[in-house]
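Note that ligands are numbered from 1 as they come in the structure, with each ligand's atoms numbered from 1 the same way. In this chain, residues are counted from 1 in sequence order. What you see is a predicted model, and the numbers here were worked out from it, not measured in a lab. Just so you know, these numbers use all the heavy atoms, side chains as well, and skip hydrogens, waters and symmetry mates.
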Amino acid sequence: MSLDQVKLVDQAITSRHSVRAFLDQAVDQQTIKDILTVASRAPSGTNTQPWKVYVVTGQKRQEMIDRVCKAQLEVSQNPELAKQYTETFAYYPEKWISPFIDRRRENGWGLYGLLNIQKGEKEKMAAQQLRNYQLFDAPVALYFTVNKAMGVGSKMDISMMIQNVMIAAKARGLDTCPQAAWNHFHPIVLDVLNAPDDEELVCTVALGYADPQHIVNTFITPRLPVEEFTVFLD
Ligand SMILES: Cc1cc2nc3c(=O)[nH]c(=O)nc-3n(C[C@H](O)[C@H](O)[C@H](O)COP(=O)(O)O)c2cc1C
């Protein structure tokens with residue numbers, strides 16, 4: 001690879017960030033196929049390729065949004081209902097510890113700050129949470145599922161596939177937001193997808209063209225310096 005090519009790869013990786021406002025602009029299906037073809041070069045344990053992807057657009061997308069937003073609104077009005085919508089696997093810890101909780105808070109308040117949401121403004125927070133289930137207006141939703149018979153390692157494989165999707169999308173002028181939020185509503189999601197009983201929802205990715213005018217998309221998150229998370233042993 002030439003130095004220029006290295007720079008292009010690095011740029012595709014470092015310019016990716018989570019976009020939370022998309023334009024009402026369709027994505028060509030061939031482009032989505034190209035992205036998935038490239039992304040499927042992701043490694044997987046013993047090449048099991050455990051990912052399955054549902055590409056949801058048009059009326060199906062609207063049906064998904066309508067059903068899940070309705071459920072989320074019901075939960076907001078009656079938090080007791082949240083028990084019905086537990087994730088199949090815990091993405092986050094039950095008990096948070098430092099420094100992770102601090103980074104999580106910094107991230108949340110950074111985003112809310114940009115959106116002018118102050119502490120205690122529960123309605124505004126609920127509205128922003130609902131934006132997840134409106135796909136932040138992205139025209140395409142990618143739902144990644146795995147066969148329940150597979151081990152936890154398959155979720156690592158799928159994560160690598162998802163990262164590839166996000167980078168390949170970025171290289172084509174598209175943006176993404178990975179979303180664990182949908183996992184709570186997996187029974188509804190899987191029903192709308194008409195997925196077989198042996199499938200489990202792993203993650204959702206909103207895909208589309210970023211709205212360059214929206215302030216939420218100016219949110220760029222920090223990263224630790226290499227020295228803080230790496231141990232070099234010789
Ligand atoms: C598996 C996964 C699930 C995520 N779920 C959500 C989500 O449900 N809603 C959301 O707004 N962002 C979600 N994010 C985005 C993270 O908040 C974001 O990646 C992180 O703050 C770093 O910012 P960046 O992606 O802009 O670099 C998720 C990210 C990952 C990797």
Tabulate distances under 3.5 Å between N/O atoms of ligand 1 and N/O atoms of the protein, writing both atom names on each line.
residue: ligand 1; atom: 5 (N); partner: P178; partner atom: O; Å: 3.3
residue: ligand 1; atom: 5 (N); partner: A180; partner atom: N; Å: 2.8
residue: ligand 1; atom: 8 (O); partner: N132; partner atom: OD1; Å: 3.4
residue: ligand 1; atom: 8 (O); partner: A180; partner atom: N; Å: 3.1
residue: ligand 1; atom: 8 (O); partner: A181; partner atom: N; Å: 3.0
residue: ligand 1; atom: 9 (N); partner: N132; partner atom: OD1; Å: 2.8
residue: ligand 1; atom: 11 (O); partner: R20; partner atom: NE; Å: 2.7
residue: ligand 1; atom: 12 (N); partner: R20; partner atom: NH2; Å: 3.2
residue: ligand 1; atom: 14 (N); partner: P178; partner atom: O; Å: 3.2
residue: ligand 1; atom: 17 (O); partner: R20; partner atom: NH2; Å: 3.2
residue: ligand 1; atom: 19 (O); partner: S18; partner atom: OG; Å: 3.4
residue: ligand 1; atom: 21 (O); partner: N107; partner atom: OD1; Å: 3.2
residue: ligand 1; atom: 21 (O); partner: N107; partner atom: ND2; Å: 3.4
residue: ligand 1; atom: 23 (O); partner: T221; partner atom: OG1; Å: 3.0
residue: ligand 1; atom: 25 (O); partner: R16; partner atom: NH1; Å: 3.0
residue: ligand 1; atom: 25 (O); partner: R16; partner atom: NH2; Å: 3.2
residue: ligand 1; atom: 25 (O); partner: S18; partner atom: N; Å: 3.4
residue: ligand 1; atom: 25 (O); partner: S18; partner atom: OG; Å: 2.6
residue: ligand 1; atom: 26 (O); partner: S18; partner atom: N; Å: 2.8
residue: ligand 1; atom: 27 (O); partner: R16; partner atom: NH2; Å: 3.0
residue: ligand 1; atom: 27 (O); partner: T221; partner atom: OG1; Å: 3.3
residue: ligand 1; atom: 27 (O); partner: R223; partner atom: NH2; Å: 2.7

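- Side-chain contact, Y143 with E199: no donor N or O sits under 3.5 Å from an acceptor N or O.
- In this structure, D28 places its CG atom where more than 12 heavy-atom neighbours from other residues, nucleotides or ligands lie under 6.0 Å away.
- In this pair, W109 and Y112 present their aromatic rings perpendicular. The plane angle is above 60°, beyond the 30 to 60° band.
- For Y133 and F185, the ring centers are positioned less than 6.0 Å apart.
- A ring-centre distance under 6.0 Å is not found for F22 and F136.
- Considering NZ of K148 and OG1 of T88, their distance stands at 8.0 Å, rounded to 0.5 Å.
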